[in-house]
Amino acid sequence: MAPSEWDPKLPRQAANSTNALMDPPVSIPDPYGWLRDDKRENEEMLDYLKAENSYTQSMTRHLQGLQEDLYKEFLSSLQETDHSTPRPWGEWWYYTRTYKGSPHATYCRSPKTSDSLNKMIDWDGSKDSPILPGEQVYLDVNVLAKNQSYCNVGFVASSPSQELLAYSIDYSGAEDYEVHIRNLTSGHDFALKKTGPSGEGGLRGKNDDLLTSDDFTWGKDEKTFYYTTADSAHRTYRLYERKNWDSEDFTDALLMEEKDHLFSCSVDKSFDEKYIFYGTSSKDTSEVWYIDLSTDADDAEMKCVSPRRTNVLYDVESHDGRWYISTNFGNSTNMKLMTAPAKPNSLTDWKLVEDGDGDPVFDGSLVKSLDSFTAFKTHAVLEGREDGIPRVWTYSFETNDFIRLEFDDAAYVVGLSTNYEIDAANVAYEYSSMLAPPSTIEISLNDDSQRSVLKTQSVPGYDNVLYGTDRLEVLSRDGKTQIPISVVYHKDTMGKVKDGERVPVHLYGYGSYGESVDANFDSTRLPLLKRGMIYVIAHIRGGGEMGQQWYEEPNGAKLLCKENTFNDFVDVAHFLVENWTIPQMLSCEGRSAGGLLIGASINQAPELFRVAILGVPFVDVAVTMTDSSIPLTSGEWIEWGNPNEEKYFQYMMDYSPMNNVQEGKTYPACWVTGGLHDPRVAYWEPSKFTATLRHSNPNNEHPVCMKLDLHQGHFSSSDRYKFYRELASDYSFLLDQLG
């Protein structure tokens with residue numbers, strides 16, 4: 001129901017909404033609401049969570065041997081002592097290293113004595129051997145994580161001179177990041193402090209540490225940087241400029257504050273380092289401001305590229321005195337690419353970018369979608385999607401040639417890798433497929449036939465000849481929408497299917513926010529494939545696999561067509577049962593909004609699945625969305641709708657997993673996870689859903705187990721060994737229930 005202080009005459013979906021609030025308000029049953037404690041301190045609640053964990057331990061004690069086997073199998077496919085692909089920046093090569101037995105990465109750099117990486121690398125594969133001559137360790141996360149129950153490093157940003165390093169670190173999982181600056185010559189580490197009263201210049205942390213929302217960029221010199229902070233609802237809303245950070249007289253200036261609770265902000269520096277960009281956006285509207293770093297004025301004025309217009313999204317990059325703008329301006333389905341002089345209030349000058357034949361490179365149509373634009377000195381690299389597959393294109397600023405890079409595999413994942421230098425002649429890309437481990441490929445901007453594989457991830461014991469992959473389409477229940485699925489399997493398993501045998505299948509999905517789940521390589525699938533399972537990714541509506549139309553109303557899966565997400569997933573499951581498996585051998589999995597997908601799908605068709613994994617699941621949709629005090633809620637109204645409004649209330653109630661658990665039904669065995677300090681999906685959501693599943697079906701023959709980490713947030717552990725332990729727990733439950 002609406003909070004008591006709300007004026008019922010005020011619309012709340014957006015500033016221009018004409019949708020009235022529920023009048024009179026309607027109560028939503030919430031029998032397990034007592035589990036909510038925003039401070040995470042209530043002893044009764046904590047005892048309940050510990051009891052749930054104890055129950056899960058007792059139910060899975062017999063799986064310890066299988067968990068250990070899976071854990072060892074994960075490690076056997078991992079080159080534990082390894083390194084990332086070194087990338088050049090000025091006089092240095094930058095890369096990270098991992099060491100056997102160390103859970104976190106180590107950041108390294110080496111002097112660039114040659115432009116040829118292959119000539120410089122002479123690594124013998126050992127822990128003690130440097131990757132490149134003169135190797136320097138400038139940040140060892142293992143040292144930071146020592147004696148910490150949780151540790152996650154956010155940004156790692158070298159200063160313009162590369163003499164200083166700024167980095168952020170979260171020790172709770174709540175995504176409040178401390179900021180440190182390290183002198184890379186002396187090694188001195190400086191923990192930044194906040195200024196002003198509580199709530200000004202960052203949230204108040206221990207010892208008045210500056211806490212940010214993990215958003216930071218250096219200014220034009222090393223005396224100045226910019227950062228953002230979050231409000232009590234974890235919404236990023238303020239931009240600060242800090243000057244003279246290393247003196248006792250440092251100053252913080254509040255440059256911008258976003259007061260609309262539907263919007264969140266960010267800060268970044270243009271690739272050409274000429275501008276600081278401050279972006280603020282909701283799910284369907286955005287606005288970009290900038291600071292010109294070329295001015296000599298101490299207090300450069302912030303100017304707006306184009307004032308926000310409802311339902312107009314845009315993002316900006318700069319090149320040679322011009323803006324390059326990806327936008328849906330003009331009500332296009334997908335983002336188009338436009339350009340204008342680099343000046344404020346430039347909308348009237350926006351024009352489509354054209355190729356050498358005078359055709360728009362991205363016109364916003366259904367043919368292809370644009371995701372990002374990166375401007376190097378001579379060319380731009382554009383990332384997007386075409387035919388449901390990630391693509392990259394190059395655009396010459398001189399000739400206007402527009403070229404799509406081609407690769408051999410029928411389906412793959414490709415995107416820009418780390419590239420620091422704007423004047424690079426060759427650009428690095430990351431490439432993989434369901435069968436091909438990730439590779440870093442360097443491709444010439446002037447001749448895309450000139451390619452060099454810099455590094456391919458080593459997967460010990462993996463032989464891709466033994467495995468197969470397919471990309472298929474499943475017809476949805478509407479009779480017209482084709483749902484793509486990506487499939488990977490051991491060839492022996494698919495041979496059994498062709499002989500008429502039914503085999504176990506694991507179905508994964510997400511389907512929200514326009515985010516794509518791509519068909520990449522993942523060595524952690526191998527233990528399932530070796531045990532005779534087929535692994536399927538359902539590219540359901542709500543994602544962005546087929547462009548923005550796959551996400552937006554009226555035919556996507558957002559707001560009042562959200563149920564398309566769940567229907568698509570269930571339709572794919574029916575296809576799998578009709579062709580490869582049986583319900584007793586079908587499992588499913590999703591995380592976060594993907595957990596909502598799984599919850600809604602097993603409510604719709606509990607008889608279709610034998611096992612369900614719900615990771616940090618967003619399952620109490622209606623109750624959460626009514627309460628804007630819950631972190632990140634109000635900004636989500638444009639994704640799901642606001643149930644305080646009549647227009648959205650009943651539709652949301654009809655699919656919200658918590659409110660649609662069927663009584664007297666046999667549900668699949670459920671493995672539910674959560675984190676006590678999760679700011680995105682609060683711990684009480686998986687807790688309440690677990691209890692609801694059990695209460696509604698006390699005689700269900702299949703177990704419902706919850707594993708709630710009391711030291712973690714939303715994301716999987718940054719400790720890679722702990723991550724593999726957790727995954728071994730997930731998969732051991734799955735395999736045990738499938739028999």
Side-chain angles (χ1 to χ4, degrees), residues 89-90 92 94 138-139 153-169 176-197 199-203 205 208-230 236-258 265-280 287-305 316-318 342 344 420-422:
W89 182 12
W92 298 90
Y94 284 84
Y138 63 89
L139 185 67
V153 168
F155 66 77
V156 177
S158 292
S159 66
S161 72
Q162 302 177 64
E163 294 178 358
L164 301 173
L165 179 79
Y167 67 93
S168 64
I169 190 162
D176 291 327
Y177 288 84
E178 301 176 13
V179 181
H180 295 246
I181 293 181
R182 176 173 294 185
N183 186 304
L184 295 182
T185 300
S186 68
H188 176 68
D189 200 277
F190 188 92
L192 297 179
K193 303 299 181 182
K194 65 180 289 297
T195 185
E200 294 294 326
L203 302 172
D208 273 351
D209 287 339
L210 174 67
L211 297 185
T212 76
S213 50
D214 196 32
D215 221 1
F216 174 102
T217 189
W218 290 98
K220 65 180 178 181
D221 56 41
E222 301 185 347
K223 294 291 185 181
T224 305
F225 61 78
Y226 300 85
Y227 66 95
T228 61
T229 62
T236 307
Y237 77 127
R238 283 178 173 171
L239 171 67
Y240 287 90
E241 177 188 64
R242 177 166 293 193
K243 293 185 175 181
N244 302 316
W245 61 268
D246 56 346
S247 75
E248 294 183 358
D249 299 323
F250 73 85
T251 60
D252 268 345
L254 175 60
L255 300 184
M256 299 291 289
E257 180 174 6
E258 179 53 73
C265 69
S266 62
V267 64
D268 199 5
K269 186 189 289 186
S270 62
F271 195 33
D272 61 13
E273 299 190 335
K274 293 181 179 180
Y275 301 97
I276 297 294
F277 286 129
Y278 164 83
T280 180
E287 181 178 73
V288 178
W289 293 69
Y290 67 94
I291 298 173
D292 187 345
L293 294 178
S294 66
T295 178
D296 293 329
D298 288 336
D299 297 303
E301 180 184 359
M302 295 201 69
K303 300 176 182 179
C304 186
V305 173
V316 181
E317 188 52 274
S318 69
Y420 296 109
E421 299 180 328
I422 193 171

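What you see is a predicted model, and the numbers here were worked out from it, not measured in a lab.
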- Can you name the nearest heavy-atom pair linking L211 to T229, along with the distance? O-CG2, 4.0 Å
- Query: About how many Å separate NZ of K243 and OH of Y226, when rounded to the nearest 0.5 Å?
  - Reply: 6.5 Å
- Apply the side-chain contact (heavy atoms from CB on, under 4.5 Å) test between V267 and each candidate in I291, L239, T236, L255; give the one that qualifies. L239
- Quick one: does S168's side chain have a donor or acceptor within less than 3.5 Å of a partner on D214's backbone? no
- Task: Could you check L192 against F225 for side-chain contact (heavy atoms from CB on, under 4.5 Å), going step by step and ending with a plain yes or no?
- Result: CA-CA 12 Å; L192 297 179; F225 61 78; 3.4 Å; yes
- Task: Quick one: list whatever passes side-chain hydrogen bond (donor to acceptor under 3.5 Å, both in side chains) with N244, sequence neighbours left out.
- Result: none
- Sequence-distant partners of Y167, side-chain hydrogen bond (donor to acceptor under 3.5 Å, both in side chains), two or more places apart: D189
- Using ring-ring contact (aromatic ring centres under 6.0 Å, His included) as the criterion, point out the one residue from Y240, W245, Y177 that pairs with Y227. Y240
- Euclidean distance, E301 CD relative to D292 CG, rounded to 0.5 Å: 11.0 Å
- Message: We want to know whether D249 and S247 form a side-chain donor-acceptor pair, criterion being a heavy-atom distance below 3.5 angstrom.
- Response: no
- Message: How close do P160 and G219 get, counting heavy atoms only, and between which atoms?
- Response: CG-O, 4.0 Å
- Item | Minimal non-hydrogen separation, C265 against Y278, with atom names | CB-CE1, 3.4 Å
- Note on the structure: Value for OG (S158) from OH (Y420), rounded to nearest 0.5 Å, stands at 7.0 Å
- Quick one: list whatever passes salt bridge (charged side-chain N to carboxylate O under 4.0 Å, His left out) with E163, sequence neighbours left out. none
- Minimum-distance pair of heavy atoms, taken over all atoms of R182 and G187: CG-O, 4.1 Å
- Message: According to side chain to side chain contact (heavy atoms under 4.5 Å, CB included), who are the partners of A166, at least two apart in sequence or on a separate chain?
- Response: F155, I181, F216, W218
- What residues, two or more places apart in sequence or in another chain, satisfy side-chain hydrogen bond (donor to acceptor under 3.5 Å, both in side chains) together with T280? E258
- In chain order, what residues pass the ring-ring contact (aromatic ring centres under 6.0 Å, His included) check against Y138, with sequence neighbours excluded? Y94
- Note on the structure: CE (M256) and CD (E287) are apart, to the nearest 0.5 Å, by 6.5 Å
- Task: Verify side-chain contact (heavy atoms from CB on, under 4.5 Å) between E273 and L293, making sure each step is shown before the conclusion.
- Result: CA-CA 8 Å; E273 299 190 335; L293 294 178; 5.6 Å; no
- Task: With sequence neighbours excluded, tell me which residues meet salt bridge (charged side-chain N to carboxylate O under 4.0 Å, His left out) with K303.
- Result: none
- Item | Exam field: side chain K269 to backbone K220, donor-acceptor pair closer than 3.5 Å | no
- Got a sec, which residues hit salt bridge (charged side-chain N to carboxylate O under 4.0 Å, His left out) with E421, two or more places apart in sequence or on another chain? K112
- Query: What residues form a side chain to side chain contact (heavy atoms under 4.5 Å, CB included) with S186, not counting sequence neighbours?
  - Reply: N183, H188
- Query: Quick one: does E222's side chain have a donor or acceptor within less than 3.5 Å of a partner on S161's backbone?
  - Reply: yes
- Item | Gap between atom NZ of K193 and atom CZ of R242 - 0.5 Å precision | 10.5 Å
- Output all residues satisfying side-chain hydrogen bond (donor to acceptor under 3.5 Å, both in side chains) with S266, sequence neighbours left out; order by chain, then residue number. none
- Test side-chain contact (heavy atoms from CB on, under 4.5 Å) on V288 and Y275 and set out the steps. CA-CA 12 Å; V288 178; Y275 301 97; over 6 Å; no
- Message: Going by side chain to side chain contact (heavy atoms under 4.5 Å, CB included), name the residues that satisfy it together with D221, two or more places apart in sequence or in a different chain.
- Response: K223, T224
- Taking only residues two or more places apart in sequence, or in another chain, which ones meet D272 in a salt bridge (charged side-chain N to carboxylate O under 4.0 Å, His left out)? none
- Test Q162 against L184 for side-chain contact (heavy atoms from CB on, under 4.5 Å), laying out the working first. CA-CA 8 Å; Q162 302 177 64; L184 295 182; 5.7 Å; no
